[in-house]
Protein chains: 2
Amino acid sequence: MARQPTSDAIARPGPPTAHDVARLAGVSQSAVSRSFTPGASVSEKTRQKVLKTAKELGYRPNLIARSLITQRSNLIGVAIPHLGNPFYATLLEALSEDLAEHGYRAMLFPAPMSAFVDPLIEEMLSFRLGGLILVSSSLSSGLAEECLRIGLPVVQVNRVSSRGTVSTIVGDNRGGAAQVAEFLVAGGHERIAYMAGLEASSTNHDREEGFTECLARHGRSLSHRVVANYSAEQARDHARILLARPDRPDALFCANDHMAIAVLSVARAEFGLVPGRDISIVGFDDTRLSAMPEFSLTTFRQPVIEMARDAADVLHRMISAPDAEATRTVLPGELVIRGSARLPG
Amino acid sequence: MARQPTSDAIARPGPPTAHDVARLAGVSQSAVSRSFTPGASVSEKTRQKVLKTAKELGYRPNLIARSLITQRSNLIGVAIPHLGNPFYATLLEALSEDLAEHGYRAMLFPAPMSAFVDPLIEEMLSFRLGGLILVSSSLSSGLAEECLRIGLPVVQVNRVSSRGTVSTIVGDNRGGAAQVAEFLVAGGHERIAYMAGLEASSTNHDREEGFTECLARHGRSLSHRVVANYSAEQARDHARILLARPDRPDALFCANDHMAIAVLSVARAEFGLVPGRDISIVGFDDTRLSAMPEFSLTTFRQPVIEMARDAADVLHRMISAPDAEATRTVLPGELVIRGSARLPG
DNA sequence: CTGAAAGCGCTAACAC
DNA sequence: GTGTTAGCGCTTTCAG
């Protein structure tokens, strides 16, 4: 053992234990434990005595030891991509606050969207967390099964999985993208282009499909299509090429605001284009930036705050009722019309 | 006990334990432990056998149990304010990645800058974390002493504490603010104003003092002073009042970019002012937004990436060498001259 | 209401 | 090299 025997009177390193308090208060160690357990059976007298000496010693119950024996943890693993995208920053903040309201704490796992997340999940599993929230990344079917087997609640946010075994919360990607298509067609645009996000992601898949299918219903199709993987840098690069073309699109739907704002900036600063007049740019998400007069981005709003709240609620419910079914939530959004795209009529 | 006895053959709930693996592999439980400990003394034969059955069973060592006995945790508590401010979002992302490189994971504690953080720290202490990183919030002297006593490494980022007992990492707040003052005076401004952040924060204190002292050296003083508590909303509100005054300032130094950008936006959109010509606006931090042509904010850069890296490094060093002295790091920055403020000469 | 005792899953001496 | 044993700090029966 690394430590001195507990019976030793000399000062040990590290925080005091329930044993230390018990000895000093002249009670049993279980009495100490009970004094810190809300509904437990202790006389008020003992409890006060314990609490007093505990304060003197600076004793605090060791939550790690507790979780080891109670077999549950109030730690939630949160895998989330690049916080430079305000959508994720906002989501994470809301998520951690909502989790806190249920008494949970978030353990952060930075998860590049494009990365293979299985090793990350493996690590999460090693911590015996109370639950997992996966933002924009999904479980391989093998791991999904494993979580199910060991009874670990998982909710995926902003991504649906191939299999129906894990709970998901998403915005209305298809419907939203269709509304954008409708709006752009009504605006009388000639060459409508699409800037894709990460092609392996369900969000991009759904947005692109919703967009192109609606276009098709109007007998239209994409004039251009580029892939910028949800990255602002790649969006800028593609914008420079795309906008320099002689057959430049007069409307560009970007799979998220992060890319749309990068494109809008390049269009204005480097090509002298006036968004909403010379070119229509539309995004998806409605992040904080999009509402600023500098960008005034027309976009489809995802209800990010509710997505976070729902995720925390669903997870909490799954933890409380271990054999609840997996749920799939699609949260409605709305088209927010600002100045970056030409209006119909 | 909540569980069936381990000797029971029926399927228990929950993940398999080292015991389960040991029984199936026909070795002792310690052999299993050793097989998962890098430098341990096991024959390759045993190790392979163990690893094989472990994989079959889906066994993973329980990190919680491990940390209970090894008396150390690779979990780092990170208290950080509002992620809507890109400075913090970037800092958190870098921080969690740098921590991961050292083998640590971040446990997230949302900490409103204005809030009294002692209860939050108390909770952090209950988790027996390996270390604490406090961004823009500081320990009360009582808790600082306690951390010292129990040997818990703490580093404060972007805030200095009154007492010298905890390690700190800050940018050059005084020097940076002085450079801004120098620049504004040289630019020939008549009425120089200051928009304060949170008055209780050391960052605001140092920036304001560095700014006004430099002004004083030039025989100048503040024409106006408002307090917006590092909030974009409050910055907007104050901007509306300030810019409507007949004696409106012709230069405004905001204690961070988050406020400066809000002010800049209002000045342009609501007052028709051209930043850099009609009014000079300067920020502090140099967040991602400031470099965009839409804002082109003149600002003093804080080396956020290095701040994160240093914080992770210092913490790691403190964890490795428990009785190292507290360090105080001041990272240099640089004035980034863009278009939002009139140039000298 | 209270203490003694048995573990949660694991690591680290300690013998052999 | 390997198994046995004693805990880490705590919760939870189980007697009394």
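Chain identifiers are assigned alphabetically (A, B, ...) following the order of the sequence lines, protein sequences preceding nucleic acid strands; residue numbering begins at 1 within each chain.
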Check your understanding: Over how many whole Å does the gap from A:E44 atom CD to C:dC1 atom C1' extend?
Key -> 13 Å

Point to revise | Heavy-atom side-chain proximity of B:L92 to B:L108 below 4.5 angstrom | key: yes

Practice item. From the options D:dC10, C:dC1, C:dA12, select the nucleotide whose nearest atom is closest to the side chain of A:P61. Key: D:dC10

Study note, to complete from the structure: A:I69 CD1 to D:dT11 P, in whole Å, measures 8 Å

Revision key, fill the gap. dist B:T165:OG1 -> B:R149:CZ (nearest 0.5 Å) comes out at 12.5 Å

Review point. Counting just side-chain N and O atoms, does B:S43 come under 4.0 Å of either OP1 or OP2 of D:dT2?
Key: yes

Check your understanding: Should A:T17 be listed as having a side-chain N or O under 4.0 Å from OP1 or OP2 of D:dG9?
Key -> no

Check your understanding: Ignoring hydrogens and angles, does a donor from either the side chain of A:R60 or the base of D:dG9 sit under 3.5 Å from an acceptor on the other?
Key -> no

Review point. Between D:dC8, C:dA5, D:dG3, which one does the side chain of B:S28 approach most closely?
Key: D:dG3

Review point. Would you say the side chain of A:S30 and the base of C:dA4 hold a donor-acceptor pair, judged only by whether the two atoms sit under 3.5 Å apart?
Key: yes

Revision key, fill the gap. By nearest-nucleotide position on DNA chain C, the 5'-leaning member of A:R47 and A:A65 is A:R47

Exercise for review: Between D:dT2, C:dT11, C:dT2, spot the one nearest the side chain of B:T70, thanks.
Suggested key: C:dT11

Practice item. Starting from C1' on C:dC10, measure out to CD on A:Q71 and report it in whole angstrom. Key: 13 Å

Exercise for review: Look up atom OH in A:Y104 and atom CG in A:D98, then write down how far apart they are to the nearest 0.5 Å.
Suggested key: 12.5 Å

